[in-house]
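Structure first, commentary second.
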Amino acid sequence: QLLLGIARIYDALNDLEHGVAVYQRVLELDPSNAEAIACLASNHFYSDQPEVALRYYRRLVQMGVNTAELWNNLGLCCFYASQYDMTLNCFERA
């Protein structure tokens, strides 16, 4: 919990490099931490790495997360990764 709080502070300060490092440390300790996975996905998306973000978002789907926000984010990642066939499918699920 403490590490998540530290990572949130780095995010709030727009220090993505340190935030990502702490979220990755959280995942080393708890590989199924949905918040850390979602935040890593978001950070990679906004760092122009939609393919990397897509891997994290798909991991959430495999964990059973099924929200409109997740499917919308997946759709955006697919769009920016030029996977247009998947984009529509994700947006329809959202």
* To do: Go through W71 and N66 one step at a time and tell me if the side chain to side chain donor-acceptor pair (under 3.5 Å) criterion holds.
  => CA-CA 7 Å; W71 287 107; N66 188 20; 2.6 Å; yes

* Asked: Within a radius of less than 6.0 Å around CD of E28, do more than 12 heavy atoms belonging to other residues, nucleotides or ligands occur?
  -> yes

* Asked: Using the ring of each side chain (for Trp, its six-membered ring), is H44 parallel, tilted or perpendicular to Y56, with breaks at 30° and 60°?
  -> parallel

* May I ask you to decide if the ring planes of H18 and Y10 are parallel, tilted or perpendicular, using 30° and 60° as cut-offs? => parallel

* How about T87 and D85: does a side-chain donor come under 3.5 Å of a side-chain acceptor? -> no

Is there side-chain contact between [X] and [Y], with heavy atoms separated by less than 4.5 Å?
{"X": "L54", "Y": "Q83", "value": "yes"}
{"X": "N43", "Y": "Y23", "value": "yes"}
{"X": "P31", "Y": "R59", "value": "yes"}
{"X": "V22", "Y": "I9", "value": "no"}
{"X": "Y57", "Y": "I37", "value": "no"}

* In terms of hydrophobic clusters joined by side-chain contacts under 4.5 Å, are L13 and L40 together? -> no

* Would L27 and L16 show up in the same hydrophobic cluster when neighbours are defined by side-chain heavy atoms closer than 4.5 Å? -> no

* To do: Could you walk me through whether Q49 and Y80 pass side chain to side chain contact (heavy atoms under 4.5 Å, CB included), step by step?
  => CA-CA 9 Å; Q49 298 174 315; Y80 286 107; over 6 Å; no

* Trace of the side chain to side chain contact (heavy atoms under 4.5 Å, CB included) decision for F91 with L76 -> CA-CA 8 Å; F91 285 150; L76 288 172; 4.1 Å; yes

